[in-house]
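Note that the coordinates shown come from a computational prediction; the quantities given were computed from them, not determined experimentally.
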Amino acid sequence: QQDTIWFTCIVDVMAQRYMLLCGALLLVTRTLSSLPEQVHLALGEDPTQMSVSWVTQIGSGTPQVEYGLDMKRLDRAGHSSYKKILHDRGADKRNITINVAVMTGLGPRQHYFYHVGDEVSGWSDVFTFQAAHPVGSTDPYWMIVYGDLGTTNAQVLLPVWREVASGNASYILHVGDFAYDMYKENGRRADTFMRMIEPVASTVPYMVCLGNHESHYNFLHYTMRFMNQPSNSGTLPNDAGEEVAGLPNNWFFSYDIGLVHFIAFSTEIYFDYPSLIPLQWHWLQKDLDEVNNRRNITPWVVLYGHRSIYCSCDSDCGADATLVRDGPKGEGYGIEELAYNYGVDLFINGHEHDYERNYAVYNFTHMGGNGSMVVDPNATVYIISGAAGSREKHEPFKLLQPVYSAFRSDTYGYSKMKAFNSTHLYWMQIETDTGQPKDDIGKVIDEMWLIVHKHGPFKKRHI
C-alpha cells in the first residue's frame, strides 16, 4: 500500500532539544508500515498529564509511551493506554488502529522527551514537549489559533511550524474543519493531514473542536483521531450515531490552561443532531456555572466552536448564525444568552474563510470597544479566525461592515493570543498570504487588548 505526502525538513536546536520539522516542499512516496505515525499531543485531565495519540496502519501490540527528562533515557512508562479500530466506511473498508497513552506525574513546564509504539509495531522517533501550565498559573503563554486548514493550500502551516520551532507558541487551537475532508480517499486524506501537523502537534498540545467538514459517518474520523482530547463530559450518547456512540465525548468538553478556562462545543449539533441540543446546552450551563465559582483562579473564559454567531461575510451570517445564536425557534438553547449570562469573555470560531474581529456584542448591539482597545465591555467579544487556507480558498465579504465589527480581512493568516495576567489579554492576526506582497507575509494586520477588571456575568460586572 502506498501513500503520497509532501514534506521538507527544518532542523532547529533549542535548549539542547532537537526538532525535525517536516513541511511541504519535497514530494516523496513511501510505503505504509506498522510503524507509529501521525503522533499528536493533547492536554491531559490535569496539568500533570499529557495525552498522546498515534496511528498504526498494519497491526499493533499494546500501545505504550515511554518518556523521561533525558533524550537517551526514557525511563518512565505511560498509563491509561488503549487502542481502538477506526473502521472507515469508504469503498476500501480500511481498518486503522488509533492508539492513546497518557504521560503522568509531569512537573510544571518541565521539558520531556518521549516516543510511542509497542513491541509489535516498533517505535516512533523521539519527540520533545513541555508540560502544561498549572491551573491558575500567572506565567503567560502564546496560543496559536486558526480554523479551516486543508491538505492543499495550507497557507499557515510553514509559518506555524516556525513559530513552534522558535519557542513562540505553547499551544495550538484549531477551531474545526480539517483536511477538506478527512473521509476522502477512504480516510487517506485524514492520514495525510495528520502527518502534516505531526511536526507541531507532537511538540505542543493540539486542541480542537469539530467542524461541518468532519460530518461524514457521524464525525467518525474527527472523533477517533482526536480521541485524546481531555473529555470531561462522559461518552457520546447513542443519538450521536452508531459509529461513535460510547467513545469519549470530544464534541463538547472543557479544560484549563493557566488563567484561562477553555470550553469547546459543537455548533454542528444545532444542524444535524437536534436531540443533542438540550444535552450540550445544559452541560455548557453547568460548566459555566462551575467556572464562575472560581473566576479568582481562572478569570478568563474562552468559548469556541466552528460556526459563527456574529459575522458579516455572506449568507452564513443569516439563518445559520441565528440558529446557533438563539437556538431552535421557540425552544431556546441559544449560545449567545449563555455567553452573556455567565460572562464569557471571548468567543472564537472559524467556518468563514476569512478573519473578522468584532467588538463586544449582544443582540446586535455594540457593547464596548474602540479601535484596538476593548476595556471593561458589557458583553462577549466575538472573533472569527478561519483563514488558515484550504482548497476552498478565500471567502470575500459581501455584506456591509456592521458598527460592531472592528476589523476584517480575507487574506490568509492565523491568530495568536496571550493572557498576560487576570486583567489584560492580547490578541493579534498575522498574515501569511502568498498572494499578497512579499513584505506583508508575517505582518501583524490586526491587534486587540481585551482589558477586564471584573470578570463574571455581565449583569453583575458593574454593580
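- Tyr146 and His174 share no side-chain donor-acceptor pair at under 3.5 Å.
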Original post:
Is there a side-chain hydrogen bond (donor to acceptor under 3.5 Å, both in side chains) between Asn296 and His455 once you walk through the steps?
Top reply: CA-CA 9 Å; Asn296 61 317; His455 295 273; over 6 Å; no
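- Asp433 and Lys443 are not joined by a salt bridge, as no carboxylate oxygen comes within less than 4.0 angstrom of a charged side-chain nitrogen.
- Using modelled atom types, one finds a donor on one side chain and an acceptor on the other under 3.5 Å when comparing Arg408 with Ser312.
- In the model, Arg294 has a side-chain atom that pairs as donor or acceptor with a side-chain atom of Thr298 under 3.5 Å.
- When each of Asn349, Val324, Leu210, Thr267 is paired with His306, the side-chain contact (heavy atoms from CB on, under 4.5 Å) condition holds for Thr267 and for no other.
- Annotation for Lys184: atom NZ counts as buried by contact number, over 12 foreign heavy atoms lying within 6.0 Å.
- Surrounding CD of Glu290 are more than 12 heavy atoms belonging to other residues, nucleotides or ligands, all under 6.0 Å away.
- Geometrically, Arg325 does not engage Tyr270 in a cation-pi contact, judged by NZ or CZ lying under 6.0 Å from the ring centre and within 45° of the ring axis.
- Within the 4.5 Å cutoff, no side-chain heavy atoms of Ser170 are placed close to those of Trp142.
- For the side-chain contact (heavy atoms from CB on, under 4.5 Å) test with Thr151, the passing option among Met196, Arg391, Arg195 is Met196; the others fail.
- Salt bridge status for Asp320 with Arg307: present, with a side-chain N to carboxylate O gap under 4.0 Å.
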Subject >> Worked verdict on Asp410 versus Tyr355 for side-chain hydrogen bond (donor to acceptor under 3.5 Å, both in side chains) >> reply: CA-CA 6 Å; Asp410 65 352; Tyr355 170 78; over 6 Å; no
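- Between Lys398 and Asp314, no side-chain nitrogen of the basic residue sits less than 4.0 Å from a carboxylate oxygen of the acidic one, so the salt-bridge criterion is not met.
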